[in-house]
Number of protein chains: 2
Amino acid sequence: MKKKYTIADIATMAGVSKGTVDRVIHKRGKVSKKAHEKITKILKEIDYQPNLVARNLKKNKTYRLLVLIPDPEKDPYWAPCLEGINTASQEFQAFGVMIETFLFDPSSTRSFNARSKEVLKNKPDGVVFVPLFYKESLTFTEYCKKNSITLATFNSSINSNNARSFIGQDLHKSGRVAGGLLHMLLPGKKHLAVVHMDEIYQNAIHMQEKEKGFRDYFDGLEQKHQIITHKIPEKDIRKIRKSVRGFLETYPEVSGVFVTTSKAYLLAEALPETDTRIRLVGYDLIEKNLECLDSGHIDFLIHQNPRQQAYLGVSYLSEYFAFDKKIPDNKLLPIDIITAENYTHYLE
Amino acid sequence: MKKKYTIADIATMAGVSKGTVDRVIHKRGKVSKKAHEKITKILKEIDYQPNLVARNLKKNKTYRLLVLIPDPEKDPYWAPCLEGINTASQEFQAFGVMIETFLFDPSSTRSFNARSKEVLKNKPDGVVFVPLFYKESLTFTEYCKKNSITLATFNSSINSNNARSFIGQDLHKSGRVAGGLLHMLLPGKKHLAVVHMDEIYQNAIHMQEKEKGFRDYFDGLEQKHQIITHKIPEKDIRKIRKSVRGFLETYPEVSGVFVTTSKAYLLAEALPETDTRIRLVGYDLIEKNLECLDSGHIDFLIHQNPRQQAYLGVSYLSEYFAFDKKIPDNKLLPIDIITAENYTHYLE
DNA sequence: TTGTAGGCGTTATCAT
DNA sequence: ATGATAACGCCTACAA
């Protein structure tokens, strides 16, 4: 059972005053060599841990933390993020961290630029954001760096050392997971397809990473598989149906499809009602996908846990401000496999 | 932007002193009706949130939190719990919560009794424990209730209102999940088996719940399935092999097996090396099961996340002590589906 | 270079 | 019934 030592304790032990101990702890200098040595020795011996509560109380600062994410009204994928942000917000407001959320239109770089300017105008202590647009995000991070605003990103990473933290998923791995699942569902079959659906905004890199992982999985097998890539940029259900019909007619042997976006339900709806069902693996627990799980039109979904991503991003920065905690550089969340039977628990 | 109100602020607003405000907040009485009304009104208006940091500093108590779990040396399933406990321990020691762990032999009620007595001798403020043995655990919780020791349980629940919190999984649901997986793997096949393996200590109820869920899933299908239940209590690999051979000979049509314990690898090892592979779904990310995932002898594992269970148990009580947070009654963790491709991320 | 004297917000005690 | 005051541990400013 360890005793809790305070600065006063240490001061007594070293025969000096609290002020001197404090100077040593914070390396403020103006301490004689003798005193310095003595105090450092004691600090090590007792493994001094400062009382974070007292430190925080003294600082008595309130921090402003802003979150900049896509608007869930434009894409329901982001809805759980708001929950995660609210949870974190409630947790940390008692510790003086004030959190506000700004939403931008994920299909418009203009919207991103406008909202990010607003964010900066607020002069926050920290920002958590989704760097959906590469170029614009880089500009943003540079500005933050200059104004010493602490940054964390989630969902997408950005190749910049201006951001302190990234929270997301290993997309290549998640493609492999999808490959493994389809392989299990279709042991004999050798014809598969990767479909990139309806992605108006720029996450082409995301989809490519997933496809690479998917192909990587099958490349590692002894038995060789033929994998077709098909892009469906349309949003209109009739056009999609036409596109799907076309590619199924060209490759009638295809028995399993991996949809690299959250729009697997669109493919499911567009499939012809034949008895030889196409096996389908997609992404994200949005309402329409869940319905397809229930009806059996989608077999597996991969969950990227946007809620947790947002929650962690906000928590990391909050703990950094409130308790001087170190911010983890990278946090890769597990690649959750979802079926009709287990999705409820992931909706929280 | 909300201002942070302090008790001093409220006192000024109400034209009274801090002491009176404090008495109202803590319902200590000895306050005139007039003052009481005025202060309560203000409290509501400004939605007063006490500064938890200051409160904690003032209390300046150190809490003792003991954890009582099975020894990972006897059953590797419990190893991740220690990690979870350590993580929580590091997080909360700065807030004055001291955590210690006691291990018992999961095959011996005597061991449990002995260790739980030790725990009680320590007069802790709170205990997090795994109620593996029903009767003994009840006695334990009653004693804790009497001595006002706050309790949280994980892994197993116990039907007692003496424990404040339970963290675990919906076992019935997890059986359903297993059913869904085997059904996907074996669309045409109609002969399956539930195998209860090598459970020396009492979690028969666990296994039954899982089996019920599994059968429940198939009962809900149009196509009727035949499901055999088989028990293998032996630990010796040769006896197991004999038992497995016996039941496969009796039911040669069985093509999928659901093992309700963490011992699926034992079944995998005992299976004859025939080409028509039996599909296998089991529980828990222990080393030997992971090897079987890699080699393809096990198809899916269900992850019960013991690490997180332990972490949450300790966190809940720590936050309760340190910050007066409410303890959630029940926390059901998601039923994670694990394949050879995604297990690494779950090992942390 | 060193020591001392407040103060952060809350709570407990003591006097009024 | 109420108000003043000290204390929790840390930090800062100022005095020595």
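Only heavy atoms go into these numbers, but all of them, side chains included; no hydrogens, no water, no symmetry mates. Order of the sequence lines sets the chain letters (A, B, ...), proteins ahead of strands, with each chain counted from 1.
More than 12 heavy-atom neighbours from other residues, nucleotides or ligands sit within 6.0 angstrom of NE2 on H345(B).
Side-chain nitrogen and oxygen atoms of T20(A) include at least one within less than 4.0 Å of the OP1 or OP2 phosphate oxygen of dG3(C). The side chain of Y48(B) contributes an N or O atom lying less than 4.0 Å from OP1 or OP2 of dT10(C). The phosphate of dT4(C) (OP1 or OP2) has no side-chain N or O of S17(A) nearer than 4.0 angstrom. Note on R55(B): a side-chain N or O is less than 4.0 Å away from OP1 or OP2 of dT11(C). For R28(B) and dA12(C), the shortest distance from a side-chain N or O to OP1 or OP2 is below 4.0 Å. Remark: T6(B) is not in phosphate contact with dC8(C), judged by side-chain N or O atoms under 4.0 Å from OP1 or OP2.
Between N56(B) atom CG and dC10(D) atom C1' the separation is 14 Å, expressed in whole Å. One can place NE2 of H26(B) at 9 Å from P of dT10(C), the figure rounded to the nearest angstrom. Atom-to-atom, NZ of K30(B) to P of dC14(C) comes out at 13 Å; the value is rounded to the nearest Å. Protein atom NZ of K61(B) is 15 Å distant from nucleotide atom P of dT11(C), rounded to whole Å. Here dC10(D) presents its C1' atom at 15 Å from CD of Q49(A), a figure rounded to the nearest Å. Atom NZ of K18(B) is separated from atom P of dA12(C) by 13 Å (rounded to the nearest Å). dT2(D) atom P lies 10 Å from atom NZ of K34(B), rounded to whole Å. Atom pair I39(A):CD1 and dT2(C):P shows a separation of 8 Å (rounding to whole Å applied).
Residue order along DNA chain C, read from the 5' end via each residue's closest nucleotide, puts A54(B) first among A54(B) and R23(B). The 5' end of DNA chain D is approached more closely, in terms of each residue's nearest nucleotide, by G19(B) than by the other of G19(B) and L57(B).
The listed nucleotides are dT2(D), dG3(D), dT12(D); the one nearest the side chain of V16(B) is dG3(D). Nearest to the side chain of K58(A), among dT2(D), dC10(D), dG3(C), sits dC10(D). Checking dG6(C), dG9(D), dT11(C) against the side-chain heavy atoms of N51(A) singles out dG9(D) as nearest.
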Next on the checklist: Could you go through Y5(A) and Y48(A), starting from their C-alpha distance and side-chain angles, then the distance that decides it, and tell me whether this counts as ring pair (Phe, Tyr, Trp, His ring centres under 6.0 Å)?
Outcome noted: CA-CA 7 Å; Y5(A) 291 96; Y48(A) 170 69; 8.5 Å; no
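Salt-bridge check for E118(A) with K121(A): failed, with every basic side-chain N at 4.0 Å or more from each acidic carboxylate O.
Looking at heavy atoms from C-beta onward, L57(B) lies out of side-chain contact with R55(B) at the 4.5 angstrom threshold.
Checked by atom type, the side-chain pair Y346(A)/Q308(A) shows no donor-acceptor distance below 3.5 Å.
Across all strands, K59(B) comes closer than 4.0 Å to no nucleic acid atom at all (heavy-atom distances).
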